[in-house]
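Structure record follows, encoded as structure tokens.
Just so it is clear, the model here is predicted, and its values are computed rather than measured.
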Amino acid sequence: IKGQHVTFTGENNLKSEYGDITLGLTKSTLQDTHFFLQTEHGKVSVPNLTGKQTTTSFESNQKAKHIFNATIESGNITIE
């Protein structure tokens with residue numbers, strides 16, 4: 001799954017068994033969204049956000065008006 005200039009409204013959930021997620025987000029989306037990202041077999045890469053990160057998960061620190069949850073069984077998650 002790939003996307004550029006992505007925005008979120010409310011709570012958003014994405015669940016996949018296989019494949020990568022690569023999302024290019026707008027600056028306001030990065031600031032206004034709480035992220036919880038997890039993969040069982042893969043890596044999570046979130047270079048422009050602060051939060052609790054391991055190689056397979058990330059949860060942002062900020063409280064925000066929007067929520068994005070993504071879970072993948074096997075694949076990588078990249079937020080740009």
Side-chain angles (χ1 to χ4, degrees):
I1 298 170
K2 291 184 178 185
Q4 290 295 322
H5 309 288
V6 177
T7 61
F8 299 115
T9 303
E11 185 170 344
N12 302 268
N13 298 293
L14 180 60
K15 189 171 187 176
S16 176
E17 287 191 32
Y18 302 103
D20 297 337
I21 296 173
T22 302
L23 297 177
L25 305 179
T26 64
K27 186 178 242 183
S28 64
T29 299
L30 286 170
Q31 295 170 346
D32 295 341
T33 304
H34 178 83
F35 294 88
F36 179 76
L37 313 170
Q38 185 169 9
T39 179
E40 290 291 321
H41 305 285
K43 295 188 300 186
V44 174
S45 175
V46 187
N48 298 319
L49 293 172
T50 59
K52 183 178 177 184
Q53 183 161 8
T54 68
T55 55
T56 60
S57 68
F58 174 81
E59 184 168 9
S60 57
N61 289 335
Q62 79 269 20
K63 298 291 182 202
K65 54 185 168 182
H66 308 297
I67 299 170
F68 178 62
N69 300 308
T71 305
I72 297 178
E73 184 70 29
S74 182
N76 300 318
I77 302 172
T78 304
I79 302 295
E80 302 172 330

* **Stepwise side-chain contact (heavy atoms from CB on, under 4.5 Å) check, Asn12 with Leu14** => CA-CA 7 Å; Asn12 302 268; Leu14 180 60; over 6 Å; no

* Verify same cluster id: Ile67, Ile79 (apolar side-chain graph, 4.5 Å) -> no

* Asked: Quick one: do Phe8 and Phe36 end up in the same hydrophobic cluster if we chain Ile, Leu, Val, Met, Phe, Trp and Tyr together by side-chain heavy atoms under 4.5 Å apart?
  -> no

Would you compute the distance between atom [atom1] of [X] and atom [atom2] of [Y] and round it to the nearest 0.5 angstrom?
| X | Y | atom1 | atom2 | value |
| --- | --- | --- | --- | --- |
| Thr39 | Ile77 | OG1 | CD1 | 5.5 Å |
| Gln31 | His66 | CD | NE2 | 11.5 Å |
| Ser57 | Glu40 | OG | CD | 10.0 Å |
| Lys27 | Asp32 | NZ | CG | 12.0 Å |
| Asn76 | Thr55 | CG | OG1 | 10.5 Å |
| Thr71 | Ile21 | OG1 | CD1 | 8.5 Å |

* If only atom types and distance count, is the side chain of Gln62 paired as donor or acceptor with the main-chain N or O of Leu49 below 3.5 Å? -> no

* Asked: Checking side-chain contact (heavy atoms from CB on, under 4.5 Å) for the pair Gln4/Glu80: CA distance, chi angles, key distance, verdict?
  -> CA-CA 9 Å; Gln4 290 295 322; Glu80 302 172 330; 3.7 Å; yes

* Using the test side chain to side chain donor-acceptor pair (under 3.5 Å), find all partners of Thr78 that sit at least two apart in sequence or belong to another chain. => none

* Using the test side chain to side chain donor-acceptor pair (under 3.5 Å), find all partners of Ser60 that sit at least two apart in sequence or belong to another chain. => His34

* Asked: Looking at Thr29 and Thr33, what are the two nearest heavy atoms and their distance?
  -> O-OG1, 2.8 Å

* Structure fact -> Heavy-atom nearest pair, Glu17 first then Glu73, reads O-CB, 3.0 Å

